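Data block below; observations after.
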Number of protein chains: 2
Amino acid sequence: MTKNCNFIEKLREVGLRPTKQRLNMCEVLFNREKTFHFTIRDLVKLISEKMNQKISLATVYNTVHAFEKKGYLKEISIDSHKSYFDTNTSAHHHFFDEDTNELIDCDDSDIDKINIRKNITGKKINSVEVLIKVASDNQNQK
Amino acid sequence: MTKNCNFIEKLREVGLRPTKQRLNMCEVLFNREKTFHFTIRDLVKLISEKMNQKISLATVYNTVHAFEKKGYLKEISIDSHKSYFDTNTSAHHHFFDEDTNELIDCDDSDIDKINIRKNITGKKINSVEVLIKVASDNQNQK
DNA sequence: AAACTACATTATAATAATTCTAAACTATTG
DNA sequence: CAATAGTTTAGAATTATTATAATGTAGTTT
């Protein structure tokens, strides 16, 4: 149960009460060796089918957005039909495999640091994200 | 009417019949000095309110997607709620102004060429896109 | 230039993704 | 252990997008 205690603390830090549903979400999201990329559907499916726990769509949306706002999740938008969340909230870039619809983190060593030479007057840069779409060599993607 | 003739030819090249609705769309999209960033809603609004021409949502969706498939428009996805199209279909990057919801093209000179050191085995790179989110210096964005 | 055919447009319905609502429930505080 | 403030939920509402099928139109044939 030490694991659970971590999640309880994590939720408190974020200002959320540790409810059963939120603890189940934490279990799926943060109890991993690697970071995790998922859609809202993926998450609901994992909790209801793999964990056999009931959770409503509304709770998943609410809690994911709460985590996002507090910086515990990051949204990665591929196109208007594909939106993912990432448990890796550090500044980093992505490969997107169009064959498998899989999102893959770039290591810092995979890509040179992005150097932006222009400034928009009066504006500061909030984020710089690179998305590299890849697909199988022998088939032509859209 | 020479302008119109260009659009007729352009549509033919793309394999689309030059109908009144499509010519109106071309007028809004391609009769510009600079490239243009827009949402589906923007486009409908411009045609119906500014041009005072009737067009159905379905036609706009169909034709925008036809242009996109043929490479005359490019989709730029900001987040799950904001999807733009760009009449500049060359490989280039973007600034997104979170204050004004405005998408701004990067010139090649604004940003160093992206150098990717890693290859995903058996995959080829289809696109590399950088999105730089900016916002006013003195207010804290979400 | 009438008639034919294949493609387009449209209003509307269908689907999908997300947000809202209000009633029932639960964690925390005193 | 009662009060209360926050949470969950089913279902309704909203929004974005796609499908449908009837009507309309461009391009071709005669």
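If you're wondering where the values come from, they're calculated on a predicted model, not measured in any experiment. Each chain gets a letter, A, B and so on, in the order the sequences are listed, and its residues count up from 1.
Between the CG atom of A:Leu57 and the C1' atom of D:dG11 there is a distance of 12 Å, given to the nearest Å. When rounded to the nearest whole Å, the span between CD of B:Gln53 and C1' of C:dT9 equals 14 Å. The CG-P distance, from B:Asn62 to D:dG24, rounds to 19 Å in whole Å. Atom CG of B:Leu16 and atom P of C:dA6 are 18 Å apart (whole Å). Rounded to whole Å, atom P of D:dG27 lies 5 Å from atom CZ of B:Arg12. If you measure from atom CD1 of A:Ile55 to atom P of C:dT26, you get 15 Å, rounded to the nearest angstrom. At whole-Å resolution of the value, CD1 in A:Ile8 and P in C:dT26 are 16 Å apart. In this structure, B:Tyr84 places its OH atom 12 Å from P of D:dT17, rounding to the nearest Å.
Between A:Arg22 and the phosphate of D:dT7, there is a side-chain N or O to OP1/OP2 separation shorter than 4.0 Å. Contact annotation: A:Tyr61 does not reach the phosphate of C:dT19 (side-chain N/O to OP1 or OP2, under 4.0 Å). Between D:dA16 and B:Arg41, a contact under 4.0 Å exists linking OP1 or OP2 to a side-chain N or O. Of the side-chain N and O atoms in B:Gln21, none sit less than 4.0 angstrom from OP1 or OP2 of D:dT25.
For the residue pair B:Lys124 and B:Asn126, a side-chain donor N or O sits within less than 3.5 Å of a side-chain acceptor on the partner.
For the pair B:Arg12/B:Ile8, a side-chain contact is recorded, criterion being any heavy-atom separation below 4.5 Å from C-beta on.
Out of D:dG11, C:dA11, C:dC7, the shortest distance to the side chain of A:Ala58 is found at D:dG11. Out of D:dT9, C:dA11, D:dT25, the shortest distance to the side chain of B:Ser56 is found at C:dA11.
Ring orientation note: the planes of A:Phe30 and A:Phe7 are tilted relative to one another, at an angle of 30° to 60°.
Ion pairing between a basic and an acidic side chain is recognised when a charged N comes within 4.0 Å of a carboxylate O; B:Lys118 and A:Asp107 show no such pairing. Classification of A:Lys45 and A:Asp42 as a salt-bridged pair fails, no side-chain N sitting under 4.0 Å from a carboxylate O.
DNA chain D is contacted by both B:Thr19 and A:Thr63; A:Thr63 maps to the nucleotide lying nearer its 5′ end (nearest heavy atom per residue). Each of B:Gly15 and B:His81 has a nearest nucleotide on DNA chain C; the 5'-most of these lies closest to B:Gly15.
Heavy atoms of B:Thr59 sit under 4.0 angstrom from at least one base atom. B:Lys54 comes within 4.0 angstrom of sugar-phosphate atoms only, judged by non-hydrogen atoms across all strands, and of no base.
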